[in-house]
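Here the structure comes first, spelled out in structure tokens, and everything after it is commentary.
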Amino acid sequence: MASKGRTYRTVEVEGFEVLVGKAATDNDYLTFKVAKPQDLWLHVAGAPGSHVVIRNPDKLPDIPKVVIERAAEFAAFYSKARAARGKVDVHCCWASDVRKERGAPAGEVQLRRWDRVRVYPRALDEGEEE
């Protein structure tokens, strides 16, 4: 289980640590204080929701597709798009491509470049959270 007071959930997916933000201010902390430039960052497109980070300490040039898709499912589920029928779009980019404009509200970011992943929203499975 996550420790009390932690601003994000921690999950392991295929050997990769995946971090899932809990609230807008927590998302800012996760994205700009915890994530490293080589980590992969995800967020549901067009709706408020959790920022998700896939840790990449080995600076791999590519993260396995299965890991990205599972992390995207978290981003979709922990967002206002959770109740969507069908697949939802999730933006995915390197953390180094995420910026915050001065004065922007908590959780609001700008992406320099990104890819799109389409997934069904899916929550953490029982026992999946560390």
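Residues L30 and V20 approach most closely at CD2-C, 4.2 Å, considering heavy atoms. N56 and D39 get closest at one heavy-atom pair: N-OD1, 2.7 Å. Between G107 and N27, the shortest heavy-atom contact is CA-CB, 4.4 Å. In terms of heavy-atom proximity, E108 sits nearest to D28 at N-OD1, 4.4 Å. The minimum heavy-atom distance between V34 and R55, with the atom names listed, is O-NH1, 2.9 Å. Nearest heavy atom pair, residue S79 against residue V44, reads CB-CG1, 3.4 Å.
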Name each donor-acceptor pair under 3.5 Å that joins a side chain in residues 81-93 to protein atoms two or more places apart or in another chain, with its distance.
{"unit_1": "R82", "atom_1": "NE", "unit_2": "F77", "atom_2": "O", "d": "2.9"}
{"unit_1": "D89", "atom_1": "OD1", "unit_2": "R118", "atom_2": "NH1", "d": "2.5"}
{"unit_1": "H91", "atom_1": "NE2", "unit_2": "W114", "atom_2": "NE1", "d": "3.2"}

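Stacking of R9 on the aromatic ring of F74 is not recorded, the 6.0 Å distance cut-off and the 45° axial limit not both being met.
When hydrophobic clusters are built by joining Ile, Leu, Val, Met, Phe, Trp and Tyr residues whose side-chain heavy atoms come closer than 4.5 Å, directly or via intermediates, V52 is grouped together with L60.
V117 has its side chain within reach of E69: a pair of non-hydrogen atoms, C-beta onward, lies under 4.5 Å apart. The closest side-chain heavy-atom distance from L111 to W41 is below 4.5 Å.
With rounding to the nearest 0.5 Å, the separation of NZ in K36 from OG in S96 is 13.0 Å. One finds the CG atom of D115 at 10.0 Å from the CG atom of D97 (value rounded to the nearest 0.5 Å).
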Evaluate side chain to side chain contact (heavy atoms under 4.5 Å, CB included) for W94 paired with L40, printing each intermediate quantity in order. CA-CA 5 Å; W94 297 113; L40 209 58; 3.6 Å; yes
Applying side chain to side chain contact (heavy atoms under 4.5 Å, CB included) to Y8 and V53, what does each step give before you reach the verdict? CA-CA 10 Å; Y8 53 87; V53 172; over 6 Å; no
Assess the residue pair L42 and I68 against the criterion (side chain to side chain contact (heavy atoms under 4.5 Å, CB included)); give the C-alpha distance rounded to whole Å, side-chain angles, the decisive distance to 0.1 Å, and a yes or no. CA-CA 9 Å; L42 300 94; I68 294 171; 4.3 Å; yes
Checking V109 against F32 for the side chain to side chain contact (heavy atoms under 4.5 Å, CB included) test, could you report, in this order, the C-alpha distance in whole Å, the side-chain angles of both residues, the deciding distance, and whether it holds? CA-CA 10 Å; V109 298; F32 300 109; 3.7 Å; yes
